[in-house]
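Below: the structure, in structure tokens.
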Amino acid sequence: MTTKEILNNNWLFHYSELERQPLKTTKKAASFGGPTAPLANEAGNRLPISAGGTHFLKLIAQGDEEQGLLNLAGTDLSDKLSDEWVNINLPHDWTRKVPYVNNPEKLMSGSKPDAVGYYRKTFKLSDSELNKTKTILHFDGVMRMADVWFNGTYLGHNNSGYNSFSFDITEMARYGEEGDNVILVRADTTTGAEGWWYEGAGIYRSVWLEHKPLVSIVDDSTYIYTKNIDNNEAVLEVELAVKNDTNQVQLVAPTVSLDGKNIIQFDEVKIDRYQTAEFRQNVKITDPKLWTPENPYCYQAEFEIKTDEVQKRFGIHTFNYTTAGFFLNGQSYQLHGICEHQDFAGVGTAMNRDIVDYKVKVMKNMGVNAWRSTHHFASEELLNACDRLGVIVINENRLLESSPWRVADLKQTVLRDRMHPSIGFWSISNEELIGNTPLGSRIAQKLTQTIRHFDHEHLIIGAELLTPEGIIDENYVKNLDVLGVNYPEAGVMGSGAKLIHKKYPKLPMMSTENASYFSTRGVYKDNEDKKQCNNFGSYFSMVLPGVRKPGDPGVGGTAHPETVMSYLNDNPYMGGVFLWTGFDYYGEPSPFNWPAISSQFGVADLCGFPKDYYYYYQAHWTKKPMVHLMPSWNKDQLELNKQGQTSIRIFSNAEIVELFVNDHSYGKKDLDDCTANWSIPYESGELKVVAYQKGKVVAQDSRFSNGLTKKISSSRIYEGKNVTLIALKAVDENNKLVENANESVNLEVSNGKIIGTGNGNPIDQNMDNNKVNLFNGLALVIVSKNSDLRIHLN
């Protein structure tokens, strides 16, 4: 049977170019030597050499075999690594430990320098694998240009940081007493970025070996999809292929099961040596359990032959999109989505399953049911989380290009991901300048044909730039199932989307990006020096410098949340919203410049701590009674008018809310757009809101005028399989959150290690894992599982 061996632990990493850069072509096989092959302290010869080879090398170098290698093949004769190599585990993003740079050209990408890094690992293979399995070396993601060497041989190159890639190393591997196998990877970010955001660097996803039997199921050929659902019966189509890598004819009769119940037994067929046979059949499932975000039921699909099996999750569902919006399983369904890059506080892009699961759960708690992987292919960890937790995914292609390698990356990703229950859409690109042009149309046709050839279930969109005049290219749009448009609600886009809808009433349209609202967690006054934006609505602009006036273009961001929801309510045919973004992310510090190093578009900060408008959306998108009160209740954090009054805002899904200060009621108010507003005098003490439903108290929330920080409390907010996320909170003598605390906290750990820290402050550039700065009372520490964390205030 196929087995999987994770290679994430015990790598060596070298930051910057090696003194002697490995070559890519050689005069003799497997002869690169140096760090690409076993060194003096490792098992196995630098290069296995025959008796005749040894004799020849000595002949050409006066009896010195090593000198002969150098003369003949230019072999690197190094026998040890320099002290600059350090031990690391994967996933790894080297930029998190590289100092920030004040360089305007790097501002958008996170103020980190470009560089080259090398990774090296050795591993052993037993004799039992020899001549019995195919061994495949898989890389789930390397940022960015990647070159790979193996056992003195150059394996190959990968261009993009957003696709997975692999190499068949069966014949080149060393087995048993032959010695250690050596992987060397060079990752280079100096050749040009793929995105204008923070991308990280290095081997930021998993590396693993796959051992496949010589008669095996082709993993990416396994495919089950829903053709239709009618009268409580689902018609599925099942596909798979079996490859014979032996020199004999093989007899195979595949079976397919769902949740352990056999649904197909294929007839036995002969497969000639080194050939592949394909299998396809329809099957009906009575009383299917349908996958939805509310009930994400995943069937366990198993494809099996005598020598191999492949297991995948599968969801029974149908997707459709009309001029009335999105339909899931035949029912109208509004998409409550977010857009998201792939990074997180403290770890950058090196996110394992635990951190991804945490991020998805934070958004699910807000009521999110859709996730746009912007602007690149989704990771396997994200898709798995969305499968299990119930989130519909837009899986997005990086660029509107039909170069052979881009098309190959797209094909590979579609084959790999198409069976994930969570995928609802493929997006061919985002805001491309050549979109809606004849050139763009030809390229779009190539990309959509590629997707449709391998995926028979999901919808194809493009996230397109709008013009206020609503100009589109009809031939370009014909390639898509749905025209996606970004920021249809924004004033800077005018009435563009509505004009398109009016001119093309039969064209399905979808909001693919919305809001871009500026806010800094826990901040209620704009502050240009600290690069902070008021949660009530900032007067910094998306398009103009400095503090602006109300009504200026782009003030507060592209659009306010209230405008987003109002537009959706008035234009339900747009299918829903995809908020930019779920979380703050490194890079794109708009509307600011240095020393800001992260965005402020998120409804949660870099750590996943919710900002105030998180609860505005939660009030709209969830049913469990809730209420949220803003702002903080510390005078120094508030804006007071000449009468000493300050603004109060409440978000709730209840019917009525009542506001109190120190038990004095300021009256009850009905909710409008899940919101109620007051302007009241500031009075130190407790600010409280009570929410009522049918006359009964269903929820309440409070803020306190806090004292000085007395201690730091910690709570484990997420326990994963490999890491734990710990929230630090400053509390006063009354054990209340100190919302204006910004002290530095020293960290110590035993029985593990600190993996990363963060706090949501858009200008915090701390990279020392032994301390973290509080920001408005909170900070985050990521530790390895079962670590014992100790905290000391400076």
Quick check: [Y] with [X] (ring centres under 6.0 Å apart)?
X: Y299; Y: Y297; answer: yes
X: F425; Y: F578; answer: no
X: F377; Y: Y162; answer: no

What pairs with H157 under ring-ring contact (aromatic ring centres under 6.0 Å, His included), at least two apart in sequence or on another chain?
->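 Not a single residue meets the ring-ring contact (aromatic ring centres under 6.0 Å, His included) criterion with H157.
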
For W621, check ring-ring contact (aromatic ring centres under 6.0 Å, His included) against everything at least two apart and list the hits.
->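 With neighbours one apart ignored, the set is H336, Y617.
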
Inspect the contact between D481 and R452 and indicate whether a charged nitrogen and a carboxylate oxygen are less than 4.0 angstrom apart.
->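 Salt bridge present between R452 and D481.
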
Where do K721 and D357 land on the salt bridge (Lys or Arg N to Asp or Glu O under 4.0 Å) test, with the steps shown first?
-> CA-CA 11 Å; K721 290 189 174 182; D357 281 2; over 6 Å; no

Hey, are the side chains of E457 and H317 touching, using non-hydrogen atoms and a 4.5 Å cut-off?
->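 E457 reaches H317 side chain to side chain.
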
When you measure from the centre of the six-membered ring of Y223, is the NZ or CZ of R418 under 6.0 Å away and within 45° of the axis?
->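 Judged by the rule, R418 and Y223 form a cation-pi pair.
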
What is the minimum heavy-atom distance between M510 and V482, and which atoms define it?
->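 Scanning both residues completely, I find the closest heavy atoms to be CB-CG1, 3.5 Å.
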
Trace of the salt bridge (Lys or Arg N to Asp or Glu O under 4.0 Å) decision for E194 with R406 | CA-CA 12 Å; E194 284 191 88; R406 287 282 187 197; 3.1 Å; yes

Check the pair R205, E381 against salt bridge (Lys or Arg N to Asp or Glu O under 4.0 Å), reporting the backbone distance first and the verdict last.
-> CA-CA 9 Å; R205 294 180 184 168; E381 289 80 5; 5.2 Å; no

What pairs with A37 under side chain to side chain contact (heavy atoms under 4.5 Å, CB included), at least two apart in sequence or on another chain?
->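 Result, side chain to side chain contact (heavy atoms under 4.5 Å, CB included) vs A37: R46.
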
